[in-house]
Q: 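Quick one: the structure is below, questions incoming.
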Amino acid sequence: MPLKIKRKNTEKTAPKEKEKDGFFDAVYDIVRQVPRGQVTTYGAVAEATGMRTSARMVGWALSVSSKAKPRVPAHRVVNRIGILTGRRHFATPTLMQELLEQEGVKVQDDTVVDFKKLFWEPPVLQ
DNA sequence: AATTTGACTTACT
DNA sequence: TAGTAAGCCAAAT
């Protein structure tokens, strides 16, 4: 029987600041700006949107990015190390890698080769 | 309604 | 160096 790690969350979150709901659009907008053949990270996108929503929210936004009108190149977004963590959420587990390779991005072991070089930092929204 | 999980990241031990 | 804790916030169970 698998052990279940329970996280103790005694602290209560109290940020009551509210932002515009267009956080989705902000994420999509940024991701769409990623140049072909380059990649960025969830954290970078999160930071660009104002960092109020942590990197997880970026992944969440991208998970429903299929519904965005213009196609969002979600395959160009990887985690901070360059691993294609979101590959499972594509139509096929290999689609993400294939798309990247089509653009000239080499992928090895679910990791972007020369990720540091190909990393593209999104401009901060103002 | 409460708890867990998740396309993450940073920091501390 | 590696594992754990915590912070984020919404969706799923």
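Reminder, nothing fancy here: chain letters follow the sequence lines and each chain counts from 1.
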Q: Measure from CG on A/Leu84 to P on B/dA7 and round the result to the nearest Å.
A: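 One finds 14 Å between P of B/dA7 and CG of A/Leu84, rounded.
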
Q: If you check the A/Arg80 side chain, which of B/dT9, B/dA7, C/dG7 turns out closest?
A: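 Looking only at side-chain atoms, A/Arg80 lies closest to B/dT9.
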
Q: Between A/Tyr28 (OH) and B/dA7 (P), how many Å, whole number?
A: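 Atom-to-atom, A/Tyr28 to B/dA7, this comes out as 15 Å.
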
Q: Indicate the atoms forming the closest heavy-atom contact of A/Ile30 with A/Pro122, along with that distance.
A: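 Closest approach of A/Ile30 to A/Pro122, heavy atoms only: CG2-CB, 3.2 Å.
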
Q: Round to the nearest Å and state the distance from A/Trp60 atom CH2 to C/dG7 atom C1'.
A: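 That distance rounds to 17 Å.
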
Q: Whole Å only: how far is the CZ atom of A/Phe24 from the P atom of C/dA10?
A: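 That distance rounds to 9 Å.
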
Q: Among A/Val107, A/Val112, A/Thr111, whose side-chain contact (heavy atoms from CB on, under 4.5 Å) with A/Ile83 holds?
A: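 It is A/Thr111, the one option of A/Val107, A/Val112, A/Thr111 that forms the side-chain contact (heavy atoms from CB on, under 4.5 Å) with A/Ile83.
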
Q: Without decimals, in angstroms, what is the distance between A/Leu95 CG and B/dA7 C1'?
A: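 Interatomic distance, CG of A/Leu95 to C1' of B/dA7: 14 Å.
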
Q: What is the distance, to the nearest angstrom, from the CE atom on A/Met57 to the C1' atom on C/dA10?
A: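 These atoms are roughly 5 Å apart.
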
Q: From CD1 of A/Ile81 over to P of C/dA2, roughly how many Å is that when rounded to an integer?
A: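 For the pair A/Ile81 CD1 and C/dA2 P, the rounded distance is 12 Å.
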
Q: Looking only at atom C1', what distance separates B/dA7 and C/dT4, rounded to whole Å?
A: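 Their C1' atoms lie roughly 22 Å apart.
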
Q: How close or far is atom P of B/dA7 from atom CZ of A/Phe90, stated in whole angstroms?
A: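 My rounded result for the distance is 12 Å.
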
Q: Whether A/Arg87 contacts B/dA7 is assessed here as follows: a side-chain N or O lying under 4.0 Å from the phosphate OP1 or OP2. Is that the case?
A: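 So the side chain of A/Arg87 is outside the cut-off, no N or O lying under 4.0 Å from OP1 or OP2 of B/dA7.
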
Q: Side chains of A/Glu103 and A/His75: any donor to acceptor distance under 3.5 Å?
A: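 Their side chains do contain a donor-acceptor pair, which is all the 3.5 Å distance test asks for.
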
Q: Could you tell me whether A/Tyr42 and A/Trp60 have their ring centroids closer than 6.0 angstrom?
A: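 A/Tyr42 vs A/Trp60: aromatic centres not under 6.0 Å.
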
